[in-house]
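For clarity, every value in this text was computed on a predicted model and none was experimentally measured. Numbers restart at 1 for each chain; the letters A, B, ... are given by sequence-line order, proteins then strands.
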Amino acid sequence: MRSIRSVPTVFTPSRDLEWHCAGTDALLALVLALPGRTFSTGPIWDRFASVMPEEHWALLIGSIALVRIAALTINGHWRRTPLLRALTALLGAGLHAYLATLFYMPTLGAFGTGAAFSAALAISDVRSSFRAGRDIVVAGRVFAMMRAAPPAPLPRGFAS
Amino acid sequence: MSFSAILDILEPWKAVLASGLGMLAAASGIVGGVIKQRWVPDTTAPNQVPATRAATLRLDAADRDLIGDAREAATELTHAIRNLTGATEDNTEALNRRPSGGGGGRR
């Protein structure tokens, strides 16, 4: 009797939230890395400049974003990608909480949109880390099952 | 030491503290996700188990016509083979007879 076995995927039905945070970080890093002094555009960046130069911020945020994008692109083809996603979500949560605090400048007389956006991204990353944590377990089960009963190879001419 | 004094001391470190809190929350999220998924039954199993109930095949009128035509064609083909080979309902040997030119052995 022939039966068609579907290959299960990881738990998370959608990783859009992680893509969104990674994309936002990548764009922020790109803006900071582009020519021009972003930190001189307003007093909101003063505290960032006091921590480290603009290029270093671009390198830090861009590195985290690239690792996240790589993990999301590999997306389950390697067993450890959920763990990598969880770790980068953890780093993202820390980074965005840090940015939210730096953007929060009560001395300017307003809460600051940057603080609100960064806080939202930090909460999103906490949520993403929870979902990636679930995927760690699911990926372990799926890969153990695939090792025990590997799927039959596709007929010639069918790309995998 | 008053609470405001503690806040004053922590002022330069509040971004680092916020970052630490964020990472702590994310780490709790990872651990919570792992625990929840371990507690939940294996979600990969339903995809692996074949359906126990036979799949219902829904046919529309066009499908029924097609099947009827195929059945008629098969009946006609059977009659034609019987006419060509001289086989009857009781004589199945003729159906097994091979139209060989000589020898008739299996090739």
TODO: For chain B, find which of A:Leu83, A:Leu90, A:Val126 contributes the most heavy-atom pairs closer than 4.5 angstrom.
DONE: A:Leu90
Open item on the list: Once rounded to the nearest 0.5 Å, what's the spacing between atom CZ of A:Arg141 and atom CG of A:Asp135?
Closed with: 11.5 Å
- [ ] Could you tell me the separation between the CD1 atom of B:Ile35 and the CD1 atom of B:Ile30, rounded to the nearest 0.5 Å?
- [x] 12.0 Å
Task: Interface moiety of B:Val31 toward chain A, non-hydrogen atoms closer than 4.5 Å - done: neither
TODO: Rounded to the nearest 0.5 Å, what's the gap from CZ on A:Arg68 to CG on A:Leu66? Could you check?
DONE: 12.0 Å
Task: Heavy-atom proximity to chain B below 4.5 Å, by part of A:Ala122 - done: neither
Task: chain B contact via A:Ile136 - side chain, backbone, both or neither, heavy atoms under 4.5 Å - done: side chain
Open item on the list: Please rank A:Gly140, A:Ala97, A:Ser129 by heavy-atom pairs under 4.5 Å with chain B and give me the top one.
Closed with: A:Ser129
- [ ] Report the relative orientation of the aromatic rings in A:Phe48 and A:Phe103; use parallel for angles under 30°, tilted for 30 to 60°, perpendicular for over 60°.
- [x] tilted
Open item on the list: Heavy-atom cut-off 4.5 Å, strictly under: side chain, backbone, both or neither for A:Arg47 against chain B?
Closed with: side chain
- [ ] Please determine which of A:Arg127, A:Arg131, A:Arg85 meets the side-chain hydrogen bond (donor to acceptor under 3.5 Å, both in side chains) test together with A:Glu18.
- [x] A:Arg85
